[in-house]
Amino acid sequence: MSGLAAKIRGADEAVAVVQSGERVFVHGSCATPHILIDALVRRAPNLRDVCVTHLHTAGPAPYTAPEMEPSFRHEALFVGANVREAVNAGRADYIPAFLSEIPFLFRDGHLPIDVAFLNVSPPDAHGYCSLGTSVDVALMAARTAKTVVAQINQAMPRTLGDSFIHVDQIDHAVEV
């Protein structure tokens, strides 16, 4: 865990890596990293045209609020209830794609990821964190992102399969 210890930050410091004009991937479903999202929204006055991309997130999506429009633009790969009003109002875009195609969109640069926000389990003895409850496209987003910011979540279960990211691949971590 010593490699991870040097990467631990507060949420506000960790999301300070996001710059105007960048695309941020947000881990979805039950793995939505709300601590990181809230910290990003607090930075709204200092950001312009940040693209927030995700499949389906659980809970509020404050970056889609009308007053956030100068700072954030949402790209919905799935239109859930929390972003539907923003898509219908024209404050967010829907990108229709098959789930199986989305990793290729990240990898091939059609949807390049600057920063990936993840919610992961604590690392095991070998330094691997699990993507837990939401594997879907998050691993490819992490592999292709220039910067990975992860919530290290004691409550995130470890899942097996191709669902692991090593602490060496995490640039900034927030313990929750």
Using side-chain heavy atoms (C-beta onward) and a distance below 4.5 Å, is [X] in contact with [Y]?
| X | Y | answer |
| --- | --- | --- |
| Leu111 | Phe25 | no |
| Leu77 | Val137 | no |
| Pro112 | Thr144 | no |
| Val120 | Ile152 | yes |
| Arg143 | Arg107 | no |
| Asp162 | Val135 | no |
| Ser20 | Asp49 | no |
| Thr32 | His54 | no |

Problem set entry | Residue from Leu40, Val24, Ile37 passing side-chain contact (heavy atoms from CB on, under 4.5 Å) with Tyr63 |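 Option passing the side-chain contact (heavy atoms from CB on, under 4.5 Å) with Tyr63: Ile37.
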Problem set entry | With Val115, the side-chain contact (heavy atoms from CB on, under 4.5 Å) member among Gln19, His172, Glu22, Arg23 |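 Among Gln19, His172, Glu22, Arg23, the one that satisfies the side-chain contact (heavy atoms from CB on, under 4.5 Å) with Val115 is Glu22.
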Indicate, with yes or no, if [Y] and [X] share a hydrophobic cluster defined by side-chain heavy-atom contacts under 4.5 Å among Ile, Leu, Val, Met, Phe, Trp and Tyr.
| X | Y | answer |
| --- | --- | --- |
| Ile35 | Leu118 | no |
| Val176 | Val15 | yes |
| Val148 | Val167 | yes |
| Val52 | Val18 | yes |
| Leu47 | Leu36 | yes |

Exercise. What's in the same ILVMFWY side-chain cluster as Phe78, cut-off under 4.5 Å, chained through other members?
Worked result: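 The other cluster members (ILVMFWY side chains, heavy atoms under 4.5 Å, direct or chained): none.
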Inter-residue atom distance [X].[atom1] - [Y].[atom2], 0.5 Å rounding:
| X | Y | atom1 | atom2 | result |
| --- | --- | --- | --- | --- |
| Ile102 | Ile95 | CD1 | CD1 | 8.5 Å |
| Phe104 | Met140 | CZ | CE | 7.0 Å |
| Phe72 | Arg43 | CZ | CZ | 8.0 Å |
| Glu175 | Ile8 | CD | CD1 | 4.0 Å |
| Thr57 | Asn119 | OG1 | CG | 12.5 Å |
| Cys129 | Ile170 | SG | CD1 | 4.0 Å |

Exercise. Does a sphere of radius 6.0 Å around OH in Tyr128 hold more than 12 heavy atoms from other residues, nucleotides or ligands, not counting ones at 6.0 Å or beyond?
Worked result: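 No - once you tally the heavy atoms of other residues, nucleotides and ligands closer than 6.0 Å, there are 12 at most.
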Check [X] against [Y] and note the closest heavy-atom contact, atom names and distance.
| X | Y | value |
| --- | --- | --- |
| Ala155 | Asn153 | N-OD1, 2.8 Å |
| Leu55 | Leu99 | CD1-CD1, 3.7 Å |
| Asn82 | Gly59 | ND2-O, 2.8 Å |
| Ala76 | Val87 | CB-CG2, 4.3 Å |
| Met156 | Gly132 | SD-CA, 3.5 Å |

Please check: side-chain N/O of [X] versus main-chain N/O of [Y], any donor-acceptor pairing under 3.5 Å?
| X | Y | value |
| --- | --- | --- |
| Ser121 | Arg158 | no |
| Arg9 | Ala6 | yes |
| Ser71 | Ala44 | yes |
| Asp124 | His126 | yes |
| His27 | Ser134 | yes |

For this session: Assess whether side-chain contact (heavy atoms from CB on, under 4.5 Å) is satisfied between Thr159 and Leu131, documenting all intermediate values.
Result: CA-CA 7 Å; Thr159 55; Leu131 293 171; 5.6 Å; no
For this session: Among Glu75, His74, Arg73, find the one that has a side chain to side chain donor-acceptor pair (under 3.5 Å) with Thr53.
Result: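 Considering Glu75, His74, Arg73, a side chain to side chain donor-acceptor pair (under 3.5 Å) with Thr53 is found only for Glu75.
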